[in-house]
Every structure is written in C-alpha cells, then in structure tokens.
S.K.: 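Please read through the structure below; I'll follow up with questions.
Remember, it's 1-based here, ligands and their atoms both numbered in the order they're listed.
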Amino acid sequence: MSLRGATFLDSVLQTLKRAIELGGYPQEVYEILSRPQRVITVNIPVRMDDGKIQVFTGYRVQHNNALGPYKGGIRFHPEVTLEEDIALATVMTFKNALNGLPYGGGKGAVAVDPKKLSRRELEELSRGYARALAPFIGPEVDIPAPDVGTDPQIMAWMVDEYSKIAGRNVPGVFTAKPAILWGNPVREYSTGFGVAVWAREAAKKLWGGIEGKTVAVQGFGNVGYWAAYWLIKMGARVVAVADSKGGVYNPNGLDLAAVKAVKDKTGSVINYDAPGTRKITNEEVLELPVDVLVPAALENVIHKGNANNIKAKLIVEGANGPTTADAEKILHGRGVWILPDLAANAGGVVMSYLEWVENLQWYFWDEDETRNKLERILLDTFNRVMNRWNKLGTDKVTIREAAYVEAVDRIYNAMKVRGWI
Ligand code: GLU
C-alpha cells in the first residue's frame, strides 16, 4: 500500500469520524461513508508507437450517490493507487454536498505519466478508458472531468468515444470540455478562480482585505497558475511559485505572465531568471515568510515534519489533501487558518455543474453570466462554512471539520429520506 494514498485516506476518515461526532449523527453514517459503494478496475491495452502493446491499469471509484450522480475528475499520474483514488472520491462526495450540488462523489485514475506518451498514444489511452467505463457512466449516472494530468482535450476524446458507443451526441457525460465542444470558457480557470475567491473572503475577515498580501503558490498547473492570476487581479502580491522541478521567489512580486511564458517554453518555472529573483526548491516554497500559502500540487505536502516551519497565517488548499491530519492539528493550534480542499478548490466542480446544466438544456450562458453564477455559489458556501465554524467554536474545531459537518448534514438527510439508514 502506498504511503501517500494511505495517509491521505486516513486523514479523510479521521475528519469524517470527528464530523459525525460533532454533528451528533448515528455511527451508521460512518459505516456507510467510510467506504465506496463501488470500485471499478480496468486494464486498457494501448498499441504504442513502437508497435508493442502496453496495458495500463485504471480505476473509477464511485463513492456515494445519495445526493445524485457520482461526480469527480480522472487523474493520470504514474503513482496513483487505489487507496489514493478512494480518498479522492470520498472528498468529492463531501465537496459536492458542501457546495449544494445535486451530485454524489467519484474519482478515476490511470497509472501513467501522460508526459511520456505521444499525442496518439494519449488519445488511444483516453478513448480506451472511456470505452472500458462506458457501461458504468452517463449524464445521470457518473460524470467524470479532468484532474491532475488530464485536460479538456482528453475530455473531448472521451466524450467523442462515449457518444460513438451511445450512437448519439451525449455532451453531459464529461465536463470541462473545450468550449467548442459544449464546454464553457470559465471552466479553464474556474478552480483557480475559486481558490482566489476563498482567499479573498478569508483575508477580509483576517486583515480587512487581500490587497498587498504576499502569496506563495506550490504547483503551476491549471489550479496554481490561475489561482495566482486571479489573486494578482484581486490585489495580492504573488512572490513565489513552484512546480515539480522547483520554484522562483521575488519578495517584491513576480511578473506572472513572464514566468508563465518561461514555463510554456522550457517546461518549468525554474528557468525563469530576472533581477531580484532567486531559485527555491519545491519544499522551500511552503516555508517562505508570506501571508498566504496556496498548496496546489499533490497531497500530503504539509506534514508534521514541516508544519512548524510554515509562516503563512492563511493556507488555501488548491490541491486535494495537501495537509495531513497531524499537520492540521499543529497549525490550528498556532491559529493558522486552513481553507480546506472541499471548499477552497470547489470552483472546478461547481463550474462543471454549471456546464452540465448547460449541456442538459442545450443552452449556454456567456462568460460573465457564468462566472457570476459560479461566484454566487462559492460565496454562499463560504458564508455557510464560516457560520458553522463560529457555531462549533473556532478554537475547538478546524474549518475542515466545520465544512465536513455541513457536508455530512446534507448527505445524512438524503440517506435518511431515501430509507438507507
Ligand atoms: N478534479 C476536480 C476536483 O477535484 C474537478 C472535478 C469535476 O469537475 O468533476 O474537484
């Protein structure tokens, strides 16, 4: 069992247990929500460019559908494990419930390094995965989307493959598709936008505003880049960014467009060079003297070994599961606010929901109207989480625990009226 997946699942289940105690829900709720309803394993043969067949193993974990169809991304990463996928699917159930979406939770994964495949091999694999899962997904059954290592192009191949099998166009079976193929332009930046909105709202409470606050971002993919972009737009000063190869730090603030250009050209932000800027490691970015830290890469990066070195007062989880339960205890004890994944990075799946609604009705909103709808949903969640946190006692419980109680409440009530418990 991989340590990464196991630790993450353990942290999720610990929080679930605590939320059930705090909310006074029956123990049966833990029995049901601590395991997925269904786990699907697929083995996908792909003819590689050298003529040989390679078989890739993948999963789709359908965690719980009390509130509606399973919903969550698909991860392409060489180190995925079933344990990690179960943890990610479990978080999706709570994320979707917390944000008031009519969805349960699910997550898919394929053990592959997509950067090592040719475009043709990647297309074959994506289509193969969609084919293997076709009997188990659908707009009212299970609706996948991108996650780490997957993107709108991959969704386009998958929706095309599924539509061929169905014998008709089925736009609502995958979300975060390219705008030309029933997607919405907001989806590209929606997760990062949501991270920035949550940071801005929390900063208002902590300091009266985000303007002038310094920010470090770990991860420069779809989430990290767009979070930095929107935070700058809102008046914050992004002083450090890092990707898997390392990062760059300038206490006066980075020129984000210039850093992005270097990343696109050379594959890493580490090659960015400008006066006043120095190189840092991927771990150092977490420990800089900043106001706000945005971990937007992978899970378990903030652990008990480095929690005490973190100087930020506000941590905004762009990634899923970046903080272990042990680290959270330490940081909460020090008065650090951690805006948890199921809240802070929900902009992606909330936007997926809006895209799905568009797809079901074959009617599309323009970019501004869509972003306004997205922001309204995020602000509503923010207010509910803060109220719940204040009610439960900000010194006694973490923001994550408050968010879990809020989420479990909806799932519990749905399971109860359905007669499951
Ligand atoms: N992968 C994203 C997440 O972890 C988005 C999921 C979706 O849009 O369904 O929330």
S.K.: Do Trp182 and Phe364 make the cut of ring centroids closer than 6.0 angstrom?
M.R.: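 They do not qualify: ring centres at least 6.0 Å apart.
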S.K.: Charged N to carboxylate O under 4.0 angstrom, Arg410 versus Glu406?
M.R.: no
S.K.: What is the closest protein heavy atom to atom 3 (C) of ligand 1, and at what distance does it sit?
M.R.: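 Result: Lys95 NZ, 3.4 Å.
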S.K.: Using a plain distance cutoff, I'd like to know if Asn345 has any nitrogen or oxygen under 3.5 Å from a nitrogen or oxygen of ligand 1.
M.R.: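 It does not: no N or O of Asn345 is found under 3.5 Å from an N or O of ligand 1.
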S.K.: Identify, for atom 7 (C) of ligand 1, the protein heavy atom at the shortest distance, and state residue, atom and that distance.
M.R.: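 Nearest neighbour among protein heavy atoms for atom 7 (C) of ligand 1, to 0.1 Å: Ala145 CB, 3.4 Å.
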S.K.: Tell me whether Met92 has any N or O atom under 3.5 angstrom from an N or O of ligand 1.
M.R.: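 Met92 vs ligand 1: no N/O contact under 3.5 Å.
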S.K.: Identify, for atom 5 (C) of ligand 1, the protein heavy atom at the shortest distance, and state residue, atom and that distance.
M.R.: Arg187 NH2, 3.6 Å
S.K.: Tell me the protein heavy atom at minimum distance from atom 9 (O) of ligand 1, and give that distance in Å.
M.R.: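 Going atom by atom, the protein heavy atom closest to atom 9 (O) of ligand 1 ends up being Lys71 NZ, 2.7 Å.
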S.K.: Could you name the option among Ala346, Gly73, Gly321 that has the heavy atom nearest to atom 6 (C) of ligand 1?
M.R.: Gly73
S.K.: So, Asn271 and Lys245: side-chain donor and acceptor under 3.5 Å apart, yes or no?
M.R.: no
S.K.: If you take the centroid of each ring, where Trp contributes its six-membered ring, are Trp389 and Trp337 closer together than 6.0 Å?
M.R.: yes
S.K.: Are Trp226 and Phe193 an aromatic pair by the rule of ring centers under 6.0 Å?
M.R.: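 When the ring centroids of Trp226 and Phe193 are compared, they turn out to be at least 6.0 Å apart.
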